[in-house]
J.: 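Sharing a structure below in structure tokens format, with a few things to ask.
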Amino acid sequence: MISELHIENIAVIERADIAFGAGFNVLTGETGAGKSIVIDSIDAVLGGRVTRELVRAGAEKALVNAVFTDVDVSDWLAENDLDAEEELILQRRISADGKSACRVNGAAVTVQQLRALGALLLDIHGQQDGRQLLDEARHLDYLDRFAGETAALDAYRAAFETYRGVKREMDRLRMDELEKERLTDRLSAEIEELEKAKLVPGEEAELESRQGLMKNAVRLTEALEGAYGALYEADESALGLVADAERFTAAAAAMAPELEEAAKSISEARFLLTDAAERIGDLRDGLNFSEEEFDRVESRLALLRRLERKYNTNEAGLAERLDADRARLAEIESADDLLVQLERDLARARSAVLAAGKTLTERRRAAGDALAKRIEAELRYLSMPSARFCVEIAPSESADGFDATGCDRVRFLMSANAGEAPGRIARIASGGELSRIMLAMKCVFAEHDRVQSMVFDEIDTGVSGVAAQRVAEKMGELSRSRQVLCITHLPQIAAMADTHFSISKAEKAGRTYTTVTPLDREGRLRELARLYGGDKVTETTLRAAAEDFKNSGK
């Protein structure tokens with residue numbers, strides 16, 4: 001749950017620290033006092049969109065910190081290489097130019113990462129979010145979330161991916177004759193050019209080495225002659241002197257055994273010098289380059305480097321290009337045969353998709369019936385006794401008769417009053433009815449949602465009387481299984497709170513300041529009385545507030 005919220009310089013809130021509790025948290029205050037700014041701050045720290053207008057006028061930056069406790073996001077933390085701690089601390093810093101920086105447990109993250117994490121922590125239903133119910137493109141997702149049956153959906157998606165893969169392969173092979181001729185000519189020319197080059201792995205490195213020897217042949221020969229002479233051919237060559245030293249030391253060692261190691265070392269040195277001299281001599285003798293060989297090496301290297309530049313690769317890449325061209329040309333030449341086979345594969349894949357789609361549709365129809373019953377039961381509790389809720393499942397309108405989501409087109413229909421045929425929610429529901437429909441769906445879907453904190457921004461829009469009491473009771477019921485934060489103008493809802501905050505604003509030195517104050521029981525009574533009667537708190541409104549407390553059990 002979200003346990004602490006720290007706000008600095010967000011709109012009219014200069015600074016606020018809010019300690020939310022478990023269960024039902026309510027925020028009340030006059031219209032325009034800044035209640036929704038608290039929700040905007042929560043949305044910002046969860047990765048929501050922010051603009052420079054959110055920063056308090058005159059401030060260089062704004063800051064929101066949120067502390068979450070008792071949340072399980074270990075998988076997300078592991079995926080993003082972050083350490084798990086007892087508390088989860090989110091931070092969003094927004095500069096006056098609209099740029100922002102995000103942190104999780106002190107580590108910098110992107111807005112996208114923060115948004116993904118936020119979706120696991122808290123679900124915000126703002127005043128405009130009920131419009132999602134009117135978006136029929138989202139109804140299928142709502143139904144699948146409720147169904148919670150992933151096996152049929154996973155099986156369908158696997159079948160669909162197979163079908164799409166075969167289709168992509170067919171699209172790749174299909175081409176008009178002119179395109180086929182152009183591609184065949186290009187591949188044939190490349191193959192001919194690369195085959196003519198007679199590529200040999202490692203040849204370029206050998207040629208470069210040989211070229212280096214040729215270019216430095218004169219100086220290298222002089223150096224080798226000098227080294228060979230010093231080691232072997234000079235009157236007092238190194239090998240001659242070492243041989244003398246070896247002979248004398250061996251004679252001395254016969255009389256002084258402590259010189260045996262020295263004699264051995266000199267003998268080993270002679271062998272090493274002999275080996276070095278032979279290597280030097282062999283290389284010297286091999287430095288007999290002809291002009292023809294030099295031209296051949298230069299020409300061969302020029303050819304290889306031209307091909308590498310042309311095909312933008314190295315020597316190994318040229319060989320790979322040749323193999324790929326041969327394979328592609330063979331594929332084109334046998335494309336007609338391959339297409340015949342792929343047509344058969346596509347037919348099988350299509351049958352598998354339709355079979356999996358049929359199973360998925362059956363699961364959805366069963367889930368749709370169950371969803372309709374559940375929502376109708378919730379709506380009856382919320383003082384909509386005659387409401388009918390229907391889940392219409394019709395065949396997909398896509399060209400294939402199916403798409404990545406299945407073979408179905410889903411939309412929610414409802415009738416708010418007895419005797420009316422079900423219709424689109426946008427045309428049937430009033431503002432108050434839409435709020436209750438949304439709340440009913442939230443209550444049902446919450447059973448399948450891992451998010452343990454929910455925020456409602458003025459869920460009571462258009463609701464009054466008995467309906468308001470029912471909404472209050474439903475919110476209280478929802479808060480028994482998860483944390484609920486709610487902005488409201490209804491005393492019936494506020495009376496159900498476990499924790500109550502009053503939000504007010506005042507002017508000071510020509511500036512507007514909003515404060516958030518936790519209320520004790522006496523403060524809550526007066527706030528409920530204000531919600532009933534406005535600024536004039538009377539004995540009558542206080543008695544009504546006390547009655548609400550009594551009925552709520554608070």
Side-chain angles (χ1 to χ4, degrees), residues 78 80-83 107-108 193-324 326:
N80 290 273
D81 295 324
L82 296 175
D83 295 329
E193 182 177 42
L194 293 173
E195 285 181 340
K196 186 177 180 180
K198 296 181 179 178
L199 303 171
V200 177
E203 180 187 17
E204 186 174 13
E206 292 180 4
L207 290 172
E208 288 174 343
S209 176
R210 191 68 174 166
Q211 182 188 53
L213 291 176
M214 290 178 176
K215 287 182 176 180
N216 296 290
V218 174
R219 286 185 297 167
L220 181 59
T221 300
E222 290 175 355
L224 293 174
E225 288 283 3
Y228 190 77
L231 286 172
Y232 193 74
E233 293 182 334
D235 292 337
E236 293 188 353
S237 67
L239 274 169
L241 294 173
V242 169
D244 290 342
E246 179 185 19
R247 185 173 67 258
F248 291 130
T249 305
M255 296 176 282
E258 61 269 25
L259 293 177
E260 289 180 357
E261 284 298 320
K264 182 179 179 182
S265 296
I266 294 172
S267 177
E268 290 174 353
R270 183 175 63 79
F271 283 120
L272 289 173
L273 289 173
T274 301
D275 181 66
E278 290 175 353
R279 289 173 181 271
I280 292 170
D282 290 342
L283 181 58
R284 181 200 60 181
D285 296 341
L287 291 179
N288 296 319
F289 304 121
S290 65
E291 287 293 329
E292 291 79 7
E293 182 184 6
F294 185 81
D295 290 342
R296 181 184 64 78
V297 170
E298 290 282 317
S299 298
R300 183 63 177 171
L301 276 174
L303 171 64
L304 293 176
R305 288 166 180 167
R306 179 181 65 80
L307 292 175
E308 289 170 357
R309 287 193 301 272
K310 179 177 180 179
Y311 295 107
N312 191 30
T313 186
N314 54 22
E315 183 185 47
L318 292 175
E320 293 172 1
R321 178 75 174 241
L322 177 58
D323 290 340
R326 286 168 174 164

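Only this structure's heavy atoms are used, side chains among them; waters, hydrogens and symmetry mates stay out. Predicted model only: the values in this text are computed from it and were never measured.
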J.: Which residues pass the salt bridge (charged side-chain N to carboxylate O under 4.0 Å, His left out) test with Lys264, sequence neighbours left out?
T.: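 Lys264 satisfies salt bridge (charged side-chain N to carboxylate O under 4.0 Å, His left out) with no other residue.
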
J.: Can you name the residues that form a side-chain hydrogen bond (donor to acceptor under 3.5 Å, both in side chains) with Asn312, not counting sequence neighbours?
T.: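 Counting only residues at least two positions away or on another chain, Asn312 forms no side-chain hydrogen bond (donor to acceptor under 3.5 Å, both in side chains).
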
J.: Table please: side-chain donor-acceptor pairs of residues 246-263 below 3.5 Å, with sequence neighbours left out.
T.:
from   : atom 1 : to     : atom 2 : distance (Å)
Glu246 : OE1    : Arg270 : NE     : 2.3
Glu246 : OE2    : Ser267 : OG     : 3.1
Arg247 : NH1    : Asp244 : OD1    : 3.2
Arg247 : NH2    : Asp244 : OD1    : 3.3
Thr249 : OG1    : Ala245 : O      : 2.7

J.: Decide yes or no for Arg321 and Thr313: does some side-chain heavy atom of the first lie under 4.5 Å from some side-chain heavy atom of the second?
T.: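 When only atoms from C-beta onward are counted, Thr313 and Arg321 do not touch, as no gap falls below 4.5 Å.
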
J.: Say you draw a straight line from CG of Asp323 to CG of Leu194; how long is it, rounded to the nearest 0.5 Å?
T.: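 Going from CG on Asp323 over to CG on Leu194, the span is 10.0 Å.
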
J.: Rounded to the nearest 0.5 Å, what separation is found between the CG atom of Leu304 and the CD atom of Glu308?
T.: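 The CG atom of Leu304 sits 6.0 Å away from the CD atom of Glu308.
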
J.: Can you sort out the partners of Asp81 under salt bridge (charged side-chain N to carboxylate O under 4.0 Å, His left out), two or more places apart, ordered by chain and number?
T.: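 With neighbours one apart ignored, the set is empty.
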
J.: Using the test side-chain hydrogen bond (donor to acceptor under 3.5 Å, both in side chains), find all partners of Asn80 that sit at least two apart in sequence or belong to another chain.
T.: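 side-chain hydrogen bond (donor to acceptor under 3.5 Å, both in side chains) list for Asn80, sorted by chain: Gln113.
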
J.: Can you tell me if Asp83 has over 12 outside heavy atoms packed within less than 6.0 Å of its CG?
T.: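 For Asp83, atom CG is not crowded (no more than 12 foreign heavy atoms under 6.0 Å).
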
J.: Would you please name every residue forming a side-chain hydrogen bond (donor to acceptor under 3.5 Å, both in side chains) with Glu193, sequence neighbours left out?
T.: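 Per chain and number, Glu193 pairs via side-chain hydrogen bond (donor to acceptor under 3.5 Å, both in side chains) with Arg306, Lys310, Tyr311.
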
J.: Could you go through residues 197-208 and list every donor-acceptor pair under 3.5 Å that involves a side-chain atom there, pairing it with any protein atom two or more places apart or in another chain?
T.:
from   : atom 1 : to     : atom 2 : distance (Å)
Glu203 : OE1    : Arg300 : NE     : 3.3
Glu203 : OE1    : Arg300 : NH2    : 2.9
Glu203 : OE2    : Arg300 : NE     : 2.8
Glu208 : OE2    : Arg305 : NH2    : 3.0

